[in-house]
Amino acid sequence: MAIATESQQEQVQAATTDAVAAAAAAVGRKVVDEVSGWLRVFDDGTVDRTWTGPPEALPLMQPVPAYAEPRDGHTLHDLPGEPNLRVYLPEVAAGRRLPVIVQLHGGGFCISHPSWLMYHHFYARLACAIPAVVVAVELPLAPERRLPAHIDTSVDALRRLRSIALSDAAALGDPAAELLRTAADFSRVFLIGDSSGGNLVHLVGARVGEDGADSWAPLRVAGGIPLHPGFVRATRSKSELEPRPDSVFFTLDMLDKFLAMALPEGATKDHPYTCPMGPNAPPLESVPLPPLLVAVAEHDLIRDTNLEYCDALRAAGKDVEVLVNRGMGHSFYLNKYAVDMDPATGERTRELVDAIKSFVDRH
């Protein structure tokens with residue numbers, strides 16, 4: 001993994017201080033479950049998400065504050081509410097309505113936040129490249145809130161966007177919401193999700209489809225873009241068993257433990273939330289999905305089940321395009337330092353942005 005260097009020393013020192021403080025606070029409590037580096041669950045039900053892994057990874061998890069003054073061709077606004085939203089608005093000609101990209105962040109349903117640098121650098125770039133209004137949704141986290149809480153919150157985000165679309169400036173009472181209302185073409189909403197967020201693209205797209213277009217007008221989900229979705233089976237796939245270099249961002253231990261914490265009590269990875277192509281899920285022929293662009297990383301642990309999902313969609317007659325990210329691992333495009341410093345990662349990220357732009361332009 002490419003990393004930041006001397007400019008990150010203060011952040012690394014702060015992380016160490018936070019980890020020490022968290023350890024002190026944990027005195028008297030017993031750790032009953034742990035995902036190395038990412039979280040610890042205590043016997044009193046509390047969860048500590050202080051990062052304790054390699055300090056060089058910490059800068060990617062730093063929150064980026066909102067800014068109303070343009071930077072690199074866009075502004076960034078926070079919309080507190082149910083749920084909290086973060087809005088990227090590219091600078092475009094006045095009066096031009098832009099498609100809306102609703103981002104559902106990854107993290108195995110258990111960690112991460114849409115304000116993190118790893119998301120910011122990619123979705124700010126995407127907003128300007130398309131151009132589109134990007135709306136990032138703050139999702140609940142397991143194990144405190146298990147699925148389907150993440151699905152419900154994602155649907156609530158769409159309901160909030162619909163409410164903004166139907167409101168006038170006086171009713172909104174928030175300048176950022178008014179900027180969103182006047183910039184967005186709510187008839188062209190695209191769901192995009194990283195990793196476990198890719199699962200939500202499928203699940204939320206299906207939920208909206210089941211409701212019918214009249215229930216959502218003027219908002220319309222025009223497409224879905226799962227990026228390396230967390231689709232798996234209870235039995236290991238061949239790609240899960242292939243030897244790979246260590247990664248702090250995606251391991252079999254993370255995959256197993258996060259899903260055990262996030263799925264409904266007693267469920268296995270064959271649950272429809274994580275295996276929509278399996279026998280426990282509704283037949284894909286009956287699932288009302290929008291057109292999909294699915295990105296699959298060639299060196300992803302869950303490559304094989306991602307490809308199985310794509311094959312099942314095709315067999316069900318769904319409108320699906322597949323982009324294979326050659327030579328890349330899971331969510332490679334979120335590692336800003338690799339994107340900036342490694343030519344291959346930078347080129348694959350450019351290809352991904354171009355493919356997303358093309359898909360949005362055609363829908």
Side-chain angles (χ1 to χ4, degrees), residues 100-109 135-137 139-140 142 146-158 189-213 216 219-234 237 255 258-259 262-264 267-297 300 302-324 330-331 355-356 359-360 363:
V100 180
I101 310 293
V102 176
Q103 185 232 347
L104 306 171
H105 66 77
F109 306 110
V135 179
V137 181
L139 296 169
R146 290 176 175 263
L147 288 160
H150 309 66
I151 305 167
D152 295 338
T153 298
S154 302
V155 173
D156 287 344
L158 294 180
V189 173
F190 296 81
L191 306 175
I192 190 168
D194 319 276
S195 190
S196 57
N199 300 44
L200 298 176
V201 170
H202 175 98
L203 297 163
V204 175
R207 176 89 64 91
V208 171
E210 290 165 0
D211 290 342
W216 285 95
L219 185 147
R220 180 178 70 94
V221 174
I225 308 168
L227 304 177
H228 312 163
F231 294 137
V232 291
R233 287 183 177 273
S237 66
L255 176 67
F258 280 160
L259 294 186
L263 286 167
T268 73
K269 286 184 284 188
D270 287 330
H271 192 282
Y273 293 159
T274 44
C275 190
M277 63 286 191
N280 297 331
L284 283 172
E285 292 84 354
S286 69
V287 179
L289 293 169
L292 296 173
L293 168 65
V294 184
V296 180
D300 198 336
I302 52 176
R303 175 199 63 217
D304 289 353
T305 38
N306 275 200
L307 291 173
E308 182 189 356
Y309 169 70
C310 296
D311 290 342
L313 289 172
R314 291 193 188 100
K318 300 302 180 184
D319 183 349
V320 57
E321 303 173 31
V322 180
L323 172 69
V324 176
H330 192 78
S331 297
I356 295 170
F359 180 79
V360 171
H363 296 82

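Below, all heavy atoms of this structure are taken into account, side chains as well, without hydrogens, waters or symmetry copies.
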**Q** Do His330 and Leu255 have side-chain heavy atoms sitting under 4.5 Å apart?
**A** no

**Q** Under 3.5 Å, which donor-acceptor pairs link side chains of residues 281-290 to any protein atom two or more places apart or in another chain?
**A**
unit_1 : atom_1 : unit_2 : atom_2 : d
Ser286 : OG     : Pro283 : O      : 2.7

**Q** Any non-hydrogen side-chain atom of His150 less than 4.5 Å from a side-chain atom of Val204?
**A** no

**Q** Please tell me if the side chains of Phe109 and Leu263 come closer than 4.5 Å, counting only heavy atoms from C-beta onward.
**A**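 No - every pair of side-chain heavy atoms lies 4.5 Å or more apart.
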
**Q** Keeping the roles fixed (side chain from Arg303, backbone from Ala297), state whether a donor-acceptor pair exists under 3.5 Å.
**A** no

**Q** Does Tyr273 have any ring pair (Phe, Tyr, Trp, His ring centres under 6.0 Å) partners at least two apart in sequence or in another chain, and if so, which?
**A** His271

**Q** Using only heavy-atom distances, determine whether the side chains of His105 and Asp194 contain a donor-acceptor pair under 3.5 Å.
**A**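 No, no side-chain donor-acceptor contact under 3.5 Å.
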
**Q** Do the non-hydrogen side-chain atoms of Arg207 and Ile151 ever get within less than 4.5 Å of each other?
**A** yes

**Q** Does Asn280 reach the side chain of Cys275, with side-chain heavy atoms less than 4.5 Å apart?
**A** no

**Q** For a 4.5 angstrom cut-off between non-hydrogen side-chain atoms, does Pro226 reach Asn199?
**A**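 Pro226 does not reach Asn199 side chain to side chain.
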
**Q** Taking the side chain as everything from C-beta on, heavy atoms only, tell me whether Leu200 gets closer than 4.5 Å to Leu139.
**A** yes

**Q** Relative to the ring of Phe231, is the ring of Tyr309 parallel (under 30°), tilted (30 to 60°) or perpendicular (over 60°)?
**A**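 Aromatic pair Tyr309/Phe231 classed tilted.
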
